[in-house]
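Here the structure is laid out as structure tokens; the discussion comes afterwards.
Excluded from the calculations below are hydrogen atoms, water molecules and symmetry mates; all remaining heavy atoms, backbone and side chain alike, are included. Predicted model only: the values in this text are computed from it and were never measured.
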There are 2 protein chains.
Amino acid sequence: MFSKTCEYAIRAMIYIAQKSKTGNRVGIKEIAQGIDSPEHFIAKILQDLGKKDLVQSAKGPTGGFYHDAQSLEKSLADVVRAIDGDKIFTGCGLGLKQCSEDRPCPIHNQFKKVRGEIKLMLENAKVGELSEELEQRLTFLKR
Amino acid sequence: MFSKTCEYAIRAMIYIAQKSKTGNRVGIKEIAQGIDSPEHFIAKILQDLGKKDLVQSAKGPTGGFYHDAQSLEKSLADVVRAIDGDKIFTGCGLGLKQCSEDRPCPIHNQFKKVRGEIKLMLENAKVGELSEELEQRLTFLKR
DNA sequence: TAAATAAAAGACAAAAATATCTTTTATTTA
DNA sequence: TAAATAAAAGATATTTTTGTCTTTTATTTA
């Protein structure tokens, strides 16, 4: 459904949200550990998310990644859009460039419906909220 | 959502269904043309689908690809499973290997629902039926 | 049976995604 | 201010996906 990059991105966002709720910053090493991802790879991804202001960071000792109030309010849809673009929300299921109401692919309408639900689901999933269930150990980010 | 390979596979299946309804076989060249795919690439894919008995073929002059009654009854779910496996039907949205009811990822339940709908949608989409709308030019497979 | 045709098969190439390693820059604190 | 720390940046490597080219095999028909 999502690229590996995007999966890591989502997991990291939620992990950082949980760990930085108390005001602490989290180092890249701990993040990679905590979400079971390649260290340098998730570092790149977070750099990217940082540029797009989905996550905050600080260099040097006591530095690391964290979320400000706005980032905590970001939805998974925001993350997906930042990494994978909006192909999943608007693209044709069969890969046609000009698939539309006027010139639909054979599964255009069925797909439209499903895509809408995926979008809704991701819009409603906020990073901050998801991190709370993680905190309570109701959900998991590894393995 | 699907791999390019899978997109081509679905498009080819529907195209062949339409073209072979009258008993004719369709050559790989015409298929590639008809669904706007690389010729040799779709050839490989059809070889694979052929081995899995989702499409029939014959060599030599008057040869080509076609569907028998059973293949026409195949669903897109069958095609997707043959090419991309069942990851899309059962895999974790965040890429966790052991995501389950007992040990769910942060979006396990929401995803489960969406996956179920995707599965249903694809199970209900039969190659033969989809080819009829194509025949009537209500749907399209190119561009 | 020979020539023509079309899929099957195998080898190779290019591009994209994923992953790793090294150097640089900014920041903190002793 | 020097040393330590941690992210940023850049370069490189590996793997997977996608796409191309060539040769072989099977089949038909003249």
Is A:Ile118 reachable from B:Ile107 through a run of I, L, V, M, F, W or Y residues, each pair having side-chain heavy atoms under 4.5 Å apart? yes

Taking the six-membered ring of B:Tyr8 as reference, does the NZ or CZ atom of B:Lys4 fall below 6.0 Å from its centre and within a 45° cone about the axis? yes

What's the [atom1]-[atom2] distance between [X] and [N], to the nearest Å?
X	N	atom1	atom2	result
B:Phe2	D:dT17	CZ	C1'	17 Å
B:Lys29	C:dA4	NZ	C1'	14 Å
B:Glu30	C:dT5	CD	P	16 Å

Is there a side-chain contact between [X] and [Y], using heavy atoms and a 4.5 Å cut-off?
X	Y	answer
A:Leu130	A:Leu76	yes
B:Met121	A:Phe111	yes
A:Val127	A:His67	yes

Among C:dA19, C:dA7, D:dA7, the one nearest any side-chain atom of A:Phe65 is D:dA7

Looking at A:Lys126, A:Lys21, A:Arg137, which hits salt bridge (Lys or Arg N to Asp or Glu O under 4.0 Å) with A:Glu132? A:Lys21

For DNA chain C, the residues among [range] that have a non-hydrogen atom under 4.0 Å from it:
range	answer
residues 10-21 of chain A	none
residues 82-94 of chain B	none
residues 40-56 of chain A	A:His40, A:Phe41

Will you find, in the side chains of A:Ser100 and A:Asp102, an N or O donor that is under 3.5 Å from an N or O acceptor? no

Which range-with-range stems can be found for DNA chain C when each stem has 3 or more Watson-Crick or G-U pairs in a row and both distances sit under 3.5 Å? C:1-30 with D:1-30

Does this structure show an ion pair linking A:Asp48 with A:Lys44, if we count only N-O contacts that are shorter than 4.0 Å? no

Salt bridge A:Arg81-A:Glu123, side-chain N to carboxylate O under 4.0 Å: yes

Once each nucleotide of nucleotides 12-17 of chain C is scored for protein heavy atoms under 4.0 Å, what B/S/- sequence comes out, 5' to 3'? ------

Using a cut-off of strictly less than 4.0 Å, decide whether B:Tyr8 has a side-chain nitrogen or oxygen near OP1 or OP2 of D:dG19. yes

Please tabulate, one pair per line, each protein N/O and nucleotide N/O from nucleotides 26-30 of chain C that are separated by under 3.5 Å, including the distance.
residue : atom : partner : partner atom : Å
C:dA26  : O4'  : A:Lys59 : NZ           : 3.2

